[in-house]
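Quick caveat: nothing in here was measured; it's all calculated off a predicted structure. Just so it is clear: chains get the letters A, B, ... in the order the sequence lines come, proteins before strands, and each one is counted from 1.
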Amino acid sequence: MTDLKTIAEILKEAQIGSEMTIRGWVRTKRDSKNVVFININDGSTIHSIQVVADPTQFNEQLLHDINTGAGVAVKGILIASQGSGQAVELTAKEINLYGKADPNEFPLQPKKHSLEFLREIAHLRPRTNTFGAILRVRHALAFAIHKYFNDKGFYYLNTPIITGSDAEGAGEMFRVTTLDAQNPPLTEEGKIDYKQDFFGQETNLTVSGQLEGELGALALGKIYTFGPTFRAENSNTARHLAEFWMIEPEMAFYQLKDNMDLAEDFLKYLIQYAMQNCADELVFLEKRLLDEEKQLANEERAPMALREKLQFIIDNPFKRLTYTEAIDVLLNSKAHKKGKFKFPVEWGIDLQSEHERYLVEKEFKAPVILTNYPKDIKAFYMKQNEDGKTVGAMDVLFPGIGEIIGGSERESDYDKLLQRIEELNINKETIWWYLETRKFGSVPHSGFGLGFERLALFVTGMRNIRDVIPFPRTPKSAKF
RNA sequence: UCCUCAGUAGCUCAGUCGGUUAGAGCAUCUGACUGUUAAUCAGAGGGUCACUGGUUCGAGCCCAGUCUGAGGAGCCA
């Protein structure tokens with residue numbers, strides 16, 4: 001088998017003096033009369049290997065063509081570095097140029113690029129240090145999610161991506177159809193006849209796997225989903241995507257407090273995992289953030305460096321309070337008394353961003369779990385509390401991110417659930433199967449949804465969600 | 001979708017009160033250089049000033065519309 005060791009593996013275990021081949025992409029080249037330095041990165045680690053070549057040993061044109069971006073393989077001997085800045089380097093014996101990168105066309109230069117520019121070249125941005133680091137952190141978090149649930153006896157359930165139901169009863173959906181958009185078949189009333197569509201009914205891309213997730217939990221006990229989710233909202237913010245990944249655990253016999261305990265433990269585990277397994281990436285991202293913040297005024301800078309912030313989350317309990325208590329905190333706050341809030345505060349409102357940020361960033365300076373919201377601002381499936389006014393909802397709010405998790409204990413009483421569905425004019429024909437779970441062996445159960453990219457935003461310290469997913473889909477943008 | 005701001009060289013940006021041939025740094029190219037770290041030094045090339053229309057003797061600059069991007073808001077994960 002070909003020796004295809006990555007740079008990560010070589011830096012970890014290779015012996016000085018041994019011969020090896022590295023393969024990757026040229027980051028920078030520096031040359032002088034007697035020596036050429038080529039930094040090569042293969043994406044396996046943030047670190048590059050410096051190749052040292054004697055220009056008299058190689059074809060002049062070959063060395064000329066090795067520019068930033070070129071794909072190469074270099075065979076040589078690993079030696080202790082003669083210069084400072086790296087422990088080891090590779091003295092080149094053979095250089096194979098797989099693919100040139102014409103410097104007049106290749107857009108990545110050995111200099112700092114704006115994130116906006118890199119978004120326009122999303123096909124090449126993974127080759128930068130920043131996006132390499134982000135994508136490796138993203139992978140580690142995804143792996144940790146599966147590991148966490150597997151270790152705790154959860155089963156990974158694949159819920160449908162094409163659905164006939166609208167899980168939340170709100171939110172625009174992307175239609176899935178094979179009908180001719182120019183000339184669709186019509187019913188006698190002149191409406192589009194979905195009976196002739198591929199599935200014989202109207203179908204959309206999923207906005208949540210929750211309803212199907214509940215079916216799994218009420219059979220397997222504890223399940224989780226981890227898949228793509230689609231929202232056709234015209235949302236233009238640094239926190240929203242039209243296509244994102246969501247983790248939705250759903251647990252039979254869990255009540256609201258069990259749900260909160262799981263959410264907190266889960267988030268802490270994931271952050272801890274990233275700290276342990278992406279140490280180099282986090283050092284780099286922390287430095288990047290500090291450099292970026294040098295341009296900001298002091299009060300706009302983050303109070304803690306990235307790793308300190310992550311450690312703080314791990315070390316401190318999340319602040320838990322009810323919606324009603326949160327409203328009292330807001331009403332008694334200096335910000336409210338001085339009229340600093342743009343939106344009014346009173347029991348029954350849906351909390352605005354400014355209110356959530358006040359609670360998390362000013363009042364408690366820690367993640368906050370809010371529970372027991374008014375039923376009128378939450379979804380139909382949430383457990384109705386005995387006060388008749390609130391439901392067993394829980395939102396986990398993170399500094400700088402806002403709502404990172406939304407969840408609830410589910411209503412398990414058939415009559416109460418049906419009544420709520422009717423109150424809200426939800427078409428019960430399309431979710432008859434969901435109602436049947438409350439008809440046959442209904443038990444208490446709970447679950448929540450974690451936005452994967454919002455977690456990745458928090459852990460990487462990035463500010464725009466479009467920079468923590470390889471190929472972002474947002475309104476007016478589905479390139480690449 | 002709403003509010004605000006922006007769009008000038010490959011990239012990041014400057015461009016005075018509306019006035020002659022639109023500038024800088026980096027990148028690129030050429031040359032120099034005995035070990036560099038986004039190497040350094042010297043020189044050269046590089047522009048549909050987002051687009052469309054308008055005002056004006058004259059528009060990168062003023063006005064209108066459109067497009068694109070960013071920040072904030074709403075929706076939410």
Donor-acceptor pairs under 3.5 angstrom involving side-chain atoms of residues 66-76 of chain A: please list them, not counting sequence neighbours.
{"from": "Thr68(A)", "atom 1": "OG1", "to": "Arg27(A)", "atom 2": "O", "distance (Å)": "3.1"}

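- Considering only side-chain N and O atoms, Thr28(A) lies nowhere under 4.0 angstrom from the phosphate OP1 or OP2 of A38(B).
- Of the listed nucleotides (C33(B), U36(B), C29(B)), C29(B) has the atom at the smallest distance from the side chain of Asn67(A).
- A tilted orientation is assigned to the rings of His146(A) and Phe226(A), their planes being inclined by 30° to 60°.
- For Ile145(A) and A77(B), the CD1 to C1' distance is 12 Å, given to the nearest whole Å.
- A salt bridge links Glu453(A) with Arg138(A): at least one charged nitrogen is closer than 4.0 Å to a carboxylate oxygen.
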*Derivation of the side chain to side chain contact (heavy atoms under 4.5 Å, CB included) call for Val468(A) and Val459(A)*: CA-CA 10 Å; Val468(A) 296; Val459(A) 173; over 6 Å; no

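- Residue whose closest nucleotide on RNA chain B sits further toward the 5' end, between Asp350(A) and Lys479(A): Lys479(A).
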Pairwise N/O distances under 3.5 Å, protein to nucleotides 71-73 of chain B:
{"from": "G71(B)", "atom 1": "OP1", "to": "Asn464(A)", "atom 2": "ND2", "distance (Å)": "3.4"}
{"from": "G71(B)", "atom 1": "OP2", "to": "Asn464(A)", "atom 2": "ND2", "distance (Å)": "3.3"}
{"from": "A73(B)", "atom 1": "N6", "to": "Asn236(A)", "atom 2": "O", "distance (Å)": "3.4"}

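- Classification of the Phe143(A)-Tyr273(A) ring pair by plane angle, with boundaries at 30° and 60°, yields tilted.
- Taking only side-chain atoms of His240(A), from C-beta outward, the nucleotide of U68(B), A77(B), G35(B) with the closest atom is A77(B).
- Nucleotides U8(B) and C51(B), compared at atom C1', are 14 Å apart to the nearest Å.
- With both ends at atom C1', the span from C61(B) to C17(B) equals 10 Å, rounded to whole Å.
- Rounded to whole angstrom, the span from the CG atom of Asn39(A) across to the P atom of A38(B) amounts to 8 Å.
- Glu293(A) and Arg463(A) are joined by a salt bridge, as a carboxylate oxygen and a charged side-chain nitrogen come within less than 4.0 angstrom of each other.
- Ring-base stacking between Phe244(A) and A77(B) is satisfied, the centre separation being under 5.5 Å and the plane angle under 30°.
- Using a 4.0 Å heavy-atom criterion, one finds that Gly83(A) contacts the bases of the nucleic acid, with or without backbone contacts as well.
- Using the six-membered ring where Trp is involved, Tyr323(A) and Tyr373(A) have ring planes that are tilted, between 30° and 60° apart.
- Nucleic acid contact for Glu453(A): none, since no nucleic acid atom lies under 4.0 Å from a heavy atom of the residue.
- Computed from coordinates, the Ile38(A) CD1 to A38(B) C1' distance equals 16 Å when rounded to whole Å.
- Distance Lys33(A) NZ to C41(B) C1': 15 Å, rounded to the nearest Å.
- Mapping Phe117(A) and Glu356(A) onto RNA chain B via the closest heavy atom, the residue that lands nearer the 5' end is Phe117(A).
- As a whole-Å value, the separation of Asp467(A) CG from G69(B) C1' is 13 Å.
- Taken residue by residue, residues 99-109 of chain A places heavy atoms nearer than 4.0 Å to RNA chain B at Pro103(A), Asn104(A), Gln109(A).
- Here Leu450(A) lies out of heavy-atom contact (under 4.0 Å) with every strand.
- Under 3.5 Å, the side chain of Arg454(A) and the base of C76(B) form at least one donor-acceptor pair of N or O atoms.
- Remark: P of G35(B) and CD1 of Ile79(A) are 16 Å apart, rounded to the nearest angstrom.
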*Full working for side chain to side chain contact (heavy atoms under 4.5 Å, CB included) between Phe448(A) and Ile247(A)*: CA-CA 8 Å; Phe448(A) 60 81; Ile247(A) 301 100; 6.0 Å; no

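- For the ring pair (Phe, Tyr, Trp, His ring centres under 6.0 Å) with Phe266(A), the qualifying choice from Tyr224(A), Tyr148(A), Phe318(A) is Tyr148(A), the only one to do so.
- For Arg420(A) and Glu423(A), the salt-bridge test passes: some basic side-chain N is under 4.0 Å from an acidic carboxylate O.
- Screening residues 41-66 of chain A for salt bridge (Lys or Arg N to Asp or Glu O under 4.0 Å), with sequence neighbours left out, gives Asp65(A)-Lys100(A).
- Nucleic acid contact class of Thr68(A) (heavy atoms, under 4.0 Å, all strands): none.
- The side chain of Lys111(A) lies closest to U12(B) when the candidates are G35(B), G69(B), U12(B).
- Protein atom CG of Asn41(A) is 14 Å distant from nucleotide atom P of A38(B), rounded to whole Å.
- Applying the salt bridge (Lys or Arg N to Asp or Glu O under 4.0 Å) rule to pairs touching residues 338-347 of chain A yields nothing, sequence neighbours excluded.
- Ion pairing between a basic and an acidic side chain is recognised when a charged N comes within 4.0 Å of a carboxylate O; Glu363(A) and Lys319(A) show no such pairing.
- At the heavy-atom level, Glu243(A) lies nowhere under 4.0 Å from the strands shown.
- Remark: RNA chain B forms stems of 3 or more consecutive Watson-Crick or G-U wobble pairs, all pair distances under 3.5 Å, at B:1-7 with B:67-73, B:10-13 with B:23-26, B:28-32 with B:40-44, B:50-54 with B:62-66.
- Within the 4.0 angstrom heavy-atom criterion, no nucleotide atom of any strand lies near Leu455(A).
- Spacing between atom CZ of Arg27(A) and atom C1' of A38(B) amounts to 12 Å, rounded to whole angstrom units.
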